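Step one of this worksheet: look at the structure below.
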Amino acid sequence: GIISKSQALMVARGDLGVELGVNRVPFAQKLLIARAKQAGLFVITATQMCESMIKAPVPTRAEVSDVANAVWDGTDAVMLSGEAASGQYPLNAVRTQASVCREAESVKHRLRRACPPVEAATVMPPMLHVSMGNKRQETDQSLRRTKVVASLGPASWSEDMIPKMIRAGTDIFRLNCSHRRGGDFERVYPLIRKYAAQLGRKVECLGDLQGPKFRVGEVEGGTSASIKLTEGDILEFGICRDDNDLIKPGRITMKSTTEQNALFKAARAGIDLLIEDGLMKVHVIEKVSDTELKVKVIQGGFLKARKGVNVPDVEIDCAALTEKDIEDAEFLLQLDPPIEYICVSFAQKAQDLQELIDIMDRLKIPKEKRPKICPKIEKPQALTNIDGIISKSQALMVARGDLGVELGVNRVPFAQKLLIARAKQAGLFVITATQMCESMIKAPVPTRAEVSDVANAVWDGTDAVMLSGEAASGQYPLNAVRTQASVCREAESVKHRLRRACPPVEAATVMPPMLHVSMGNKRQETDQSLRRTKVVASLGPASWSEDMIPKMIRAGTDIFRLNCSHRRGGDFERVYPLIRKYAAQLGRKVECLGDLQGPKFRVGEVEGGTSASIDLIEGEVLEFGICKNDEDLIRPGRITMKSTKEQDALMKAAMVGTDLLIEDGLMKVRVVEKPSFTEMKVKVIQGGKLKARKGVNVPDVEIDCAALTEKDIEDAEFLLQLDPPVEYICVSFAQKAQ
């Protein structure tokens, strides 16, 4: 019914995630895109696609994966909300979405849509229905097959936390040897075995060897000092001649180590050196000697001491295991009971894994006590040499951190699919890692992109998903484990209804092979004139000035979103002509989308003022009603909402058993009694601190009120009278064709 009245459709994952539950959104998204495309609609995928870019200049791996998977699902456009409207890096956010989309489009013909036809008239009987997205959420964790790997650290390795982490859903604990010091591993390992036995759970351990690290040296002026690298500058870049050869204007140095000396020996004119995860980049223009280079700054910034260096285009001729790695491997191999996995970082070829096998031979570790060897795929060279690597391995980690630096983040989602498919064909256990739930280092809930990333990894065939800082040093390690466990189980529950996007990869059983892992090294697609997926940028204070509008267009914006929630003070009247003016001047086709606010449901004011709050405690029974008068404020024992047509309709529609979700689902209350159409008694299911004017969602109720409020009608009349006409108008919270 909704499609019959529409020419476009937005998968608005924000409120959909609150009402449906975030875990069910990725499957619903696939169903909605497939159905809308069959009906010929223009589809926009929206909400928290690059949320981290509100405060950071680069996206997380999960966000890149989310955008790429939306393109592969068939979306016509991807949308930026706060990233473009109020974030610190609106131009970066637009460029990111544009470049990720183009890269995903460039390999789309090599993949197949994970979602088969959905209730289309041309397919009888239909394989899927959009209504399947409303399936009951799968909560039986005993059925989960995808493992959760949790990295241990200060947030999670106390004796109190280990059993809690196991109960939350941890299947494999990662011991990161980069941080092996002070006896922590010796203390923690017996605790893991002790509590796993007590709780009757199968819990494994993974030792992660650090591998060779490349870092710049110290900066003249001390640890807090930095030097500015300016684009176009020519600098010296060399091995320290002595202890006083520090980084200073005009010269970057690295300390002499076996690995760093090998880096300089392998370097040649024409290669790039990436500093601090690629935030800065220098290009070698001359090799003076095996310890001295001349470089040109391609991407500048402020360089501080001991920042990492990556060299994507070079296979460095040094041992895969450093002296520290050998010492750590010997420690791990002598643990009792034996550790189940050992990771070799930066594996580039089969010989890198042979070094670990040689240590096992030297220590005479019996076959039955040998851990599974798990190479971490972090270098482009590993994609070329994957068959040799697999031949020495029993597991494989898609380590998207350094892989994203060396390969470029935009190419990682395709490489991930290739690696998972190839490793599974060879019978290896596959772990997908890095920035899967990065926001949960500081937030108790994941973003929509993170949930999508985890779900798509499960659908690609991964055996495990990994938490790094989220579990080791984050504020919410238990929430992070529970999140990954629950998203995995939900994704598994619908996996049989989808098909893997990645067909067979260079397997001996498929002749000729359709794909090779080395295809992940394809040149990155940079021709934006070929891009078909549109970038929708929400306008706001960060992006709607006369100076910013043309910059946003040049960055790649195809559609500007005018969010009517913030229509005030003449901003739309000022901005709309600017969009049309600069689009014409730049010769670009730029469209506009007016987004009506729709009915909003919010609690009222709190007794004590705007900064006040009340505690909602799990199990408490409270009153929940429409304000009786202006003094009927939220206070202990009572929650109120102001009387509006929409909120009166919500209270009328609510019934015993209905859940009300407050503040995007952070708090939840359930109706236990309904004395009247304006008063209810509710029980707190999920507590928290309730502040004024927080949003309320009611997932299980169709509220009988007009889809357009008085404000929406006024906004629609404004949009419909614009000249030239606005191209799209969004109706929020649409429930039916009417």
Side-chain angles (χ1 to χ4, degrees), residues 61 65 145-149 151 171-172 174-176 204-211 320-321 325 329 332 339-357 360 370-404 406-407 411-436 453-454 456-468 488 500 502 504-508 513 515-521:
R61 305 306 187 261
S65 165
R145 296 291 170 264
T146 309
K147 308 296 184 188
V148 174
V149 183
S151 301
D171 302 288
I172 302 172
R174 172 180 174 243
L175 301 167
N176 183 359
E204 298 178 309
C205 290
L206 177 154
D208 192 347
L209 303 177
Q210 177 178 286
L321 303 186
D325 292 330
L332 294 170
I339 197 164
E340 285 83 3
Y341 304 88
I342 293 184
C343 283
V344 176
S345 295
F346 303 104
Q348 299 178 80
K349 55 191 182 300
Q351 178 55 34
D352 296 343
L353 307 173
Q354 185 62 44
E355 293 178 29
L356 179 57
I357 296 169
M360 294 188 206
R370 293 193 175 198
K372 295 181 178 72
I373 295 176
C374 180
K376 291 169 68 175
I377 306 302
E378 303 175 87
K379 298 278 292 179
Q381 291 76 15
L383 304 185
T384 304
N385 301 326
I386 195 65
D387 286 328
I389 289 171
I390 283 176
S391 71
K392 302 281 187 180
S393 309
Q394 295 79 47
L396 181 142
M397 183 185 289
V398 185
R400 308 183 305 179
D402 279 281
L403 185 63
E406 302 237 347
L407 196 63
R411 293 195 286 171
V412 168
F414 181 52
Q416 174 179 317
K417 281 178 161 50
L418 295 171
L419 285 163
I420 292 173
R422 180 69 190 96
K424 291 307 295 176
Q425 286 159 20
L428 271 59
F429 180 86
V430 183
I431 303 168
T432 304
T434 320
Q435 293 187 327
M436 300 207 84
D453 181 41
V454 173
N456 276 288
V458 172
W459 293 328
D460 287 342
T462 197
D463 294 294
V465 290
M466 193 172 98
L467 296 162
S468 300
C488 287
R500 285 196 188 167
C502 202
V505 177
E506 57 185 14
L515 294 170
H516 297 267
V517 170
S518 60
M519 289 177 180
N521 275 325

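What you see is a predicted model; the values in this text were computed from it and never measured.
Residues in residues 374-387 take part in these salt bridge (Lys or Arg N to Asp or Glu O under 4.0 Å) pairs, two or more places apart or across chains: D208-K376, K379-E406, D387-R422.
One N or O on the side chain of R411 and one on the backbone of N521 form a donor-acceptor pair closer than 3.5 Å. For the pair D460 (side chain) and K417 (backbone), a donor-acceptor distance under 3.5 Å is absent. With hydrogens and angles disregarded, no donor-acceptor distance shorter than 3.5 Å links the side chain of D453 to the backbone of S65. Listed for the S345 side chain is a donor-acceptor partner under 3.5 Å among the backbone atoms of L209. Side-chain atoms of S151 come within 3.5 Å of backbone atoms of L467 as a donor-acceptor pair (strictly under, hydrogens ignored).
Rounding to the nearest 0.5 Å places CG of D325 at 9.0 Å from CD of E355. Note that CE of M436 and OG of S468 are 10.0 Å apart. Values are rounded to the nearest 0.5 Å. Atoms CD1 and CD1, from I431 and I420 in turn, are 11.5 Å apart once rounded to the nearest 0.5 Å.
Among all heavy-atom pairs drawn from A329 and L356, the shortest one is CB-CD1, 4.0 Å. What you find for M397 and C374 is that their closest heavy atoms are N-SG, 3.6 Å. In terms of heavy atoms, P375 sits closest to L353 at CB-CD2, 3.8 Å. Contact record, C488 with V465: SG-CG2, 3.6 Å, taken as the closest heavy-atom pair. Across all non-hydrogen atoms, the minimal contact from Q348 to N385 is O-ND2, 2.8 Å.
Using modelled atom types and a 3.5 Å distance limit, the side chains of Q435 and R400 yield no donor-acceptor pair.
Taking K372 as the reference, nothing meets the salt bridge (charged side-chain N to carboxylate O under 4.0 Å, His left out) condition, with sequence neighbours excluded.
Remark: of the listed residues I377, I389, I390, V505, V505 is the sole one forming a side-chain contact (heavy atoms from CB on, under 4.5 Å) with V517.
V149 is not listed as a side-chain neighbour of Y341, based on a closest heavy-atom distance of 4.5 Å or more.
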